[in-house]
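Within every chain, numbering begins at 1; the chains are lettered A, B, ... in the order of the sequence lines, protein sequences first and strands thereafter. Computed from a predicted structure; not experimentally measured.
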2 protein chains.
Amino acid sequence: MIPDVIDNDSLAQCMLLRKLSPTEWQAILSGGREHRVLPGEYFFHQGEESNQLYILLAGQVKLTQVTEAGNQVVIGYLRPGDGLGIVVALSNMLYPLSAEAMELCLAVGWARDDMKALMLHYPQLALNSLEMVGERFAELQERFRDLATRRVEQRVARALLRLVRQFGKRVAEGVLIDIPLSRQSLAEMTGTNLYQVSRLVSRWEKEGVVQSEHQRITILKAHELVILGEDL
Amino acid sequence: MIPDVIDNDSLAQCMLLRKLSPTEWQAILSGGREHRVLPGEYFFHQGEESNQLYILLAGQVKLTQVTEAGNQVVIGYLRPGDGLGIVVALSNMLYPLSAEAMELCLAVGWARDDMKALMLHYPQLALNSLEMVGERFAELQERFRDLATRRVEQRVARALLRLVRQFGKRVAEGVLIDIPLSRQSLAEMTGTNLYQVSRLVSRWEKEGVVQSEHQRITILKAHELVILGEDL
DNA sequence: CGTAAAATTGACGCTAATCAAGGTCCGTGG
DNA sequence: CCACGGACCTTGATTAGCGTCAATTTTACG
């Protein structure tokens, strides 16, 4: 049974459950299990058998890959309402990446076969999943194109803008990216190294475009970043 | 009505229709329309409203994107059995890329809403779609990681190996990549330019790893390419 | 046979990765 | 509360990798 922590408001805005009735929510959710994951712990690791999929209800999650050579790549970050391992688990693949909780996370998890059964019974569930995957797919494609065609400066600028869209929080001076964000992670998102990122952020800070503290970046002039990202 | 050209054999191996019965195939296919697309023509263009989705039955299709700056990126190639615009159309997005027929193509196309209705009626259809998307997603993620962490030489080597897996055809000397493949296209797949690709292919040809004619590449020593792709 | 597209090769210059050295911030335990 | 260690960040110098331009050759196709 799903605890009271999961109120109807947070469920209503979850894309997986759209166009389904609250009574159907109950049926679907009771097929899953509640999971709590502590900061620093993992939902799953790259390379494991994928037999479990989740919907994140609270907390932030970081998705990373490691290459054979040991290089890390940050695939992205998740917010409440996002899905974890949905396509992967349904395709019987190994998890292609690791999902780490950046703070205390609350999620609902289903066994692969249970979710398949649910989807066969509530086809709208599968349609919603397709839509969720579609958005993620589009974003990955955009980032792929960035990596293929743009220079480091533009890629980092655009990565910051994406993070603003996802985690932006209005503050007095501008928009704060409300996750702990190291130079290293930004580099791993944009296919470069921490040195380049550090240089860029330092320069932008001198120019008054951004403002940065330890692991925190605030965008002061988003329009400037847009221009930098477009390459002119 | 779907013509006889579409025999049961080619349908049986189409992932979209797996775990469905031949009578269900008929119902699903009769909700769609047959399309023929001539070489050089397009299923759809980047930026158009996506209200149509397809399953490719015969022919090869090239997926490309253009950036604002005018750079082309090759997202990939499709074979018979692959889907076109499935996620995109179901997510009510604009087509994020263009799909060009490289030869005479035969496909079944559905209107977005018709396919949604079919999926609600035959949930297995939606599950199969999710699985198809999953594979494509994993491949894109792999290529993203390549772009983020590997040097040009490795990326091109690995792109060739992927193409071998997809379009490889055993010939006397080795494995032919059985699509017209220009240096330019190979460059657009790997985030570099035709000059680098030309140099690499020339060198590999001197070393006896590959053999190339106009727009055709044959891999003679795949294991060598694997080593090059791993970076040692 | 002529034209346009595709491919080759060399030279040059810039971008970005790498290495090194030192500074800053943070949580932990004495 | 302060000292310490580890993670995070900065900045400069160096160099390798890569993109770009230019000139030429090869190939396909009408």
Protein heavy-atom contacts under 4.0 Å, written 5' to 3' over nucleotides 22-29 of chain D as B (base), S (sugar-phosphate only) or - (none), form the string B----SS-
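- The pair A:D231-A:R151 meets the salt-bridge criterion, since a charged nitrogen lies less than 4.0 angstrom from a carboxylate oxygen.
- One atom, CD of B:E153, and another, C1' of D:dG17, lie 11 Å apart when rounded to the nearest Å.
- Checked for salt-bridge contact, B:R150 and A:E68 meet the test: a charged N lies under 4.0 Å from a carboxylate O.
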With a 3.5 Å cut-off and sequence neighbours excluded, list the donor-acceptor pairs that the side chains of residues 210-225 of chain B form with protein atoms.
unit_1 : atom_1 : unit_2 : atom_2 : d
B:S212 : OG     : B:R183 : NH2    : 3.0
B:S212 : OG     : B:E205 : OE1    : 3.3
B:Q215 : OE1    : B:S182 : N      : 3.3

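- Regarding contacts with the backbone of C:dA5, every side-chain N or O of B:S182 stays at 4.0 angstrom or more from both OP1 and OP2.
- Counting non-hydrogen atoms under 4.0 angstrom, B:R151 reaches the backbone sugars and phosphates but no base.
- Between B:R183 and C:dT8, a side-chain N or O to OP1/OP2 separation shorter than 4.0 Å is present.
- Following rounding to the nearest Å, B:E213 (CD) and C:dA6 (P) show an atom-to-atom distance of 17 Å.
- Residue B:S202 places at least one side-chain N or O closer than 4.0 Å to OP1 or OP2 of C:dT9.
- The main-chain N or O of A:L186 is found under 3.5 Å from a side-chain atom of A:T190 such that the two form a donor-acceptor pair.
- Between A:E153 and A:R203 a salt bridge is recorded (basic side-chain N to carboxylate O distance below 4.0 Å).
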